[in-house]
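The next block holds one structure in the form of structure tokens; read it before the comments.
Naming: A, B, ... by sequence-line order, numbering from 1 per chain.
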Amino acid sequence: MSETERPGRPAPALVVRGVEVFPGLLDPSAQAALVAEIAAVMAAAPPVQPETRFGRKMSVRMTSAGKYGWVSDRRGYRYETQHPSGVAWPPVPAPVLALWHRVTGLDRAPDCCLVNLYREGAKMGLHQDRDEADFGWPIVSVSLGDEARFRIGGIERGGPTDSLWLKSGDVLVMGGAARLVHHGIDRVRGGSSTLIEGGGRINLTLRVVD
DNA sequence: AAGTTACA
DNA sequence: GATT
């Protein structure tokens, strides 16, 4: 962490295992504006279902915006400057960047906005975000659309966990001691929102990659 | 193991 | 069926 924190960042309503939770930070019109921006990102860089290193397809569909996108295939996890099709990732939409600065208080911008699209039945197992160069930078997670059960463990795998339901407009910050906490999505409550065309949930994850 | 499934 |  090399930059000063900006005063006036909002206080989290609750903290779960060190993860800061800002329920309902985005009102419905702000959510709709973000969804419109992300729809344009997905039109330019269509979501794909990545494979793991063992050739198993993930249930979540992914794309990215920014200098880097997170990808997974039989070669493993990494950041790439291009969508698998070869096109550059579209820029991170300005309202997404504004949300990052508001909630982190940082001057430094993220260089990746990972877009996770959870259609009916999609889940994500417990994992750590550890493909970035400097864990001093926080991660910001934005929930849009259907509600989802978010599970939070510890730094070590296999320990106890807690869970909470995330709703559209909720924002999380994983930073400091909670930067490397295990987290995942147990399940998505289909039909709990009409925000996403075709149904489901979109999660934006903002990171500083290098 | 950013996989899935089983089980108490 | 939901949860851990």
Side-chain angles (χ1 to χ4, degrees), chain A residues 14 16-19 21 38 41-42 45-66 68-84 89 110-135 137-167 170-175 178-193 196 200-210:
Chain A
L14 67 149
V16 180
R17 292 184 165 272
V19 176
V21 185
I38 297 308
V41 167
M42 293 192 296
V48 300
Q49 263 183 281
E51 288 181 7
T52 67
R53 162 162 66 112
F54 310 105
R56 298 293 211 101
K57 235 174 211 174
M58 297 181 186
S59 55
V60 175
R61 292 160 195 275
M62 299 182 173
T63 187
S64 294
Y68 295 107
W70 187 87
V71 299
S72 175
D73 57 25
R74 274 149 297 191
R75 297 200 286 132
Y77 310 145
R78 63 197 180 277
Y79 284 97
E80 292 277 3
T81 57
Q82 295 181 345
H83 183 272
W89 304 105
D111 44 28
C112 173
C113 173
L114 177 60
V115 179
N116 288 151
L117 173 61
Y118 293 78
R119 303 234 101 127
E120 190 72 44
K123 294 174 284 188
M124 188 174 293
L126 274 183
H127 68 279
Q128 294 172 298
D129 291 2
R130 54 178 306 155
D131 299 314
E132 302 76 31
D134 182 353
F135 302 138
W137 299 106
I139 291 204
V140 173
S141 166
V142 184
S143 293
L144 297 165
D146 280 342
E147 298 165 13
R149 186 145 201 110
F150 185 69
R151 188 155 297 277
I152 311 176
I155 307 296
E156 303 298 326
R157 173 168 263 281
T161 63
D162 286 302
S163 65
L164 66 148
W165 280 97
L166 295 178
K167 297 185 168 69
D170 293 353
V171 176
L172 305 180
V173 178
M174 301 172 52
R179 173 60 180 75
L180 286 172
V181 97
H182 283 81
H183 58 283
I185 292 293
D186 290 354
R187 71 183 201 88
V188 173
R189 194 135 66 194
S192 55
S193 165
I196 309 295
R201 169 178 192 259
I202 287 174
N203 180 69
L204 308 180
T205 314
L206 305 168
R207 309 97 186 268
V208 173
V209 173
D210 65 7

Q: Just do the side chain to side chain donor-acceptor pair (under 3.5 Å) check on Ser193(A) and Asp146(A) with the steps written out, would you?
A: CA-CA 5 Å; Ser193(A) 165; Asp146(A) 280 342; 4.6 Å; no

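- Using atom C1' as the reference point in both dT5(B) and dA1(B), the two lie 14 Å apart (nearest Å).
- Chain A approaches DNA chain C over the interval dT3(C) to dT4(C), counting the first and last nucleotide 5' to 3' with an atom under 4.0 Å from its heavy atoms.
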Distance-only criterion, 3.5 Å: show the donor-acceptor pairs between side-chain atoms of residues 112-124 of chain A and protein atoms not counting sequence neighbours.
{"from": "Arg119(A)", "atom 1": "NE", "to": "Gly199(A)", "atom 2": "O", "distance (Å)": "3.4"}
{"from": "Arg119(A)", "atom 1": "NH2", "to": "Glu197(A)", "atom 2": "O", "distance (Å)": "2.6"}
{"from": "Arg119(A)", "atom 1": "NH2", "to": "Gly199(A)", "atom 2": "O", "distance (Å)": "3.0"}

Could you give the side-chain donor-acceptor pairs of residues 180-189 of chain A under 3.5 Å, partners two or more places apart or in another chain?
{"from": "His182(A)", "atom 1": "ND1", "to": "Gly154(A)", "atom 2": "O", "distance (Å)": "2.8"}
{"from": "His182(A)", "atom 1": "ND1", "to": "Ile155(A)", "atom 2": "O", "distance (Å)": "3.3"}
{"from": "His183(A)", "atom 1": "ND1", "to": "His127(A)", "atom 2": "O", "distance (Å)": "3.3"}
{"from": "His183(A)", "atom 1": "ND1", "to": "Val181(A)", "atom 2": "O", "distance (Å)": "3.1"}
{"from": "His183(A)", "atom 1": "NE2", "to": "His127(A)", "atom 2": "NE2", "distance (Å)": "3.3"}
{"from": "His183(A)", "atom 1": "NE2", "to": "Asp129(A)", "atom 2": "OD1", "distance (Å)": "3.4"}
{"from": "Asp186(A)", "atom 1": "OD1", "to": "Arg151(A)", "atom 2": "NE", "distance (Å)": "3.4"}
{"from": "Asp186(A)", "atom 1": "OD2", "to": "Arg151(A)", "atom 2": "NE", "distance (Å)": "2.8"}
{"from": "Asp186(A)", "atom 1": "OD2", "to": "Arg151(A)", "atom 2": "NH2", "distance (Å)": "3.0"}
{"from": "Arg189(A)", "atom 1": "NE", "to": "Glu147(A)", "atom 2": "OE1", "distance (Å)": "3.2"}
{"from": "Arg189(A)", "atom 1": "NH2", "to": "Glu147(A)", "atom 2": "OE1", "distance (Å)": "2.7"}

Q: Quick one, give me the B/S/- string for nucleotides 1-8 of chain B, reading 5' to 3', where B means a protein heavy atom under 4.0 Å from the base and S means that only happens at the primed atoms, P, OP1 or OP2.
A: BBSS----

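- Arg201(A) CZ to Ser192(A) OG: the interatomic distance, rounded to the nearest 0.5 Å, is 10.0 Å.
- Looking at residues two or more places apart in sequence or on another chain, you find no side chain to side chain contact (heavy atoms under 4.5 Å, CB included) involving Gln82(A).
- At a threshold of 4.5 Å between non-hydrogen side-chain atoms, the residues Arg149(A) and Ser163(A) count as touching.
- Every residue two or more places apart in sequence or in another chain was checked for a ring-ring contact (aromatic ring centres under 6.0 Å, His included) with Phe135(A), and none qualifies.
- Using a 4.0 Å heavy-atom distance criterion, Ser163(A) is classed as a sugar-phosphate-only contact.
- Between the side chain of Arg179(A) and the backbone N or O of Trp137(A), at least one donor-acceptor pair lies under 3.5 Å.
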